[in-house]
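All ligand and atom numbering here is 1-based and tracks the order in the structure. Start at 1 with the first residue, then count along the sequence.
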Amino acid sequence: MSNAPLDEMKRRQAEVEAMGGKNRIERQHQLGKLSARERIETLLDPETFEEIGAHVRHRGTLFGMDQALAPADGVVTGYGRIDDRLVYVFAQDFTVLGGSLGEMHAAKIQRVQDLALKAGAPIIGLNDSGGARIQEGVDALNGYGEIFKRNTWASGVIPQITVIMGPSAGGAVYSPALTDLIIMVKHTGQMFITGPQVIKTVTGETVTAEELGGAVAQIRRSGVAHLAAENDSEALAWVRKFLAYVPNNNMEDPPVGEIQDPLDRVELSLRHLVPQDPNKPYDVKIAIEAMLDTGSFFELQKGFADNLVIGLGRLGGRSVGVVANQPRVLAGTIDINASTKLARFVRFCDAFNIAVITLVDTPGYLPGTAQEFGGIIRHGAKVLYAYAEATVPKVTIILRKAYGGAYLAMCSRSLGADLTMAWPTAEIAVMGPDGAANIIFKDQIAHSPDPDAARRKKSLEYRERFANPYIAAQHGYIDAVIDPAETRAHLARALMSLFNKKEDRPRKRHGNIPL
Ligand code: HXC
């Protein structure tokens, strides 16, 4: 027996499921891209997707839009589950009007943004769009504005994740930029404010779209994005992985994983990680991996400001954020890019109840006119602000060099570290031995028959006297000097002791972080 209303519903459903049609989906596949629906299926737990607004259509009439069929108005929106946790999702579909964003397309995204915020659940945006739908003019622009506003309201309340899986041009880049994590797919994902043609016209520079806004550019050069994936599937797998470290919202704690390796695991190799020669580098990631639960370290922004390592990990199954100077790159100095990388990550951890572990080995700020003129004062201040503002548990371990302003900046006791430890190799002083000797023994060095030898001797004297953790420990700035091999156990106990920590700040509308 025929059922006309049901048949009509199914016909319409099939139309929406087909989106831009076979040929256009085929073109996506040829470019190595999945369709919007395939992406959502890959992202979510099987058969958990509930679509919202499948029948929404645009209301445009100009420039032939009255004839343009646009299933779902080019964006698939709804909710589903990842590791059985509720998430909201939108996926722009390039097969429908190039995934362009018009009034109703934007309204659908706003709707899931609103629902995600009300439900206290993460939201994931899968971007693949030609930007503002040109035929819809100011209505499209208004749509973006409404999305930016919601991104901002949701910031620090629910995790917001973006995957750039196609073009993202013009002001369209700013919704992603307001989110917590940007993953880009190599070769297909591109972000830029003005494209190659406009740049050619205005500045005369010749650059390809990939050079300008591909994953390499936006991760290594600009630091806009956090992770580069080989393809759509890898990018979506990373979204799932990232979510496993973060809570559903700012009122909850992150999910706790199983404790897979003993908390008191001893790592004898760490006793020899720091070379005896203070000028020799080593890889701080070896220390990070050894302290955390095996295989749990998930580095972010690799390739950008590699003089500082940031990432999420687990200790005893609990999520932690790790910040570490990397002596292998620029000797672990702090520069502008490292400062902004650090500050935003610490603020992210603080917003989402993730404890911060800081590993310190830095000779100081990177000197030079480029840094000074570039505003290292303004950007470096972000580091101080982020640490001092954060109320999550903060544990600092000084591995080797911690000099001057950089000692303070790297979550020192005075900036608000809850517990501070040091390896016996720690050197905590107002400045490095060479610089200090040059200043305090200036006359003796100058009047010596062999000034170079005198400088070396005085530098050594200063090192022996001050370049250790014990003066800071005597003065109470360091709580414990620990055997590097037992770092994991000490860290685990420290974090457990801080698990119920409560700390308040003065009430205010909001602070004024130097930007
Ligand atoms: C309407 C669009 C569109 C757009 C693409 N399409 N972008 N329709 N508005 N912004 C349509 C195309 O007309 C085409 O339709 C289909 O999508 C596929 O596009 P192609 O050009 O065939 O694809 P491709 O060769 O892969 O090129 C992709 C592209 C290019 C690089 C993204 O389409 C492009 O440059 N689009 C315009 C980008 C742009 O300038 N956007 C506005 C940015 S300004 P048919 O029917 O022919 O298949 C902006 C302001 C936001 O976004 C401000 C917020 C504050």
Exercise. Just checking, Lys241 and Phe298: is the charged tip under 6.0 Å from the six-membered ring centre and within 45° of the axis?
Worked result: yes

For this session: Could you pull out all residues at least two apart from Arg85 that satisfy side-chain hydrogen bond (donor to acceptor under 3.5 Å, both in side chains)?
Result: Asn248

Exercise. Which residues satisfy the ring pair (Phe, Tyr, Trp, His ring centres under 6.0 Å) test with Phe304, sequence neighbours excluded?
Worked result: none

Exercise. Is NZ or CZ of Arg314 both nearer than 6.0 Å to the six-membered ring centre of Tyr245 and within 45° of the ring axis?
Worked result: yes

Exercise. Taking only residues two or more places apart in sequence or in another chain, which ones pass side-chain contact (heavy atoms from CB on, under 4.5 Å) with Leu212?
Worked result: Phe192, Pro196, Ile199, Val207

Show the distances, to 0.1 Å, for all pairs joining an N/O atom of ligand 1 and a protein N/O atom that are shorter than 3.5 Å, listing one pair per line.
residue	atom	partner	partner atom	Å
ligand 1	9 (N)	Ile134	N	3.1
ligand 1	10 (N)	Gly130	O	3.1
ligand 1	10 (N)	Ala132	O	2.9
ligand 1	17 (O)	Gly98	N	3.1
ligand 1	26 (O)	Arg27	NH2	3.4
ligand 1	41 (N)	Gly130	O	2.6
ligand 1	48 (O)	Arg24	NH1	2.8
ligand 1	48 (O)	Arg24	NH2	3.2
ligand 1	52 (O)	Ala132	N	2.9

Seminar exercise, completed: dist Asp93:CG -> His105:NE2 (nearest 0.5 Å) comes out at 9.5 Å

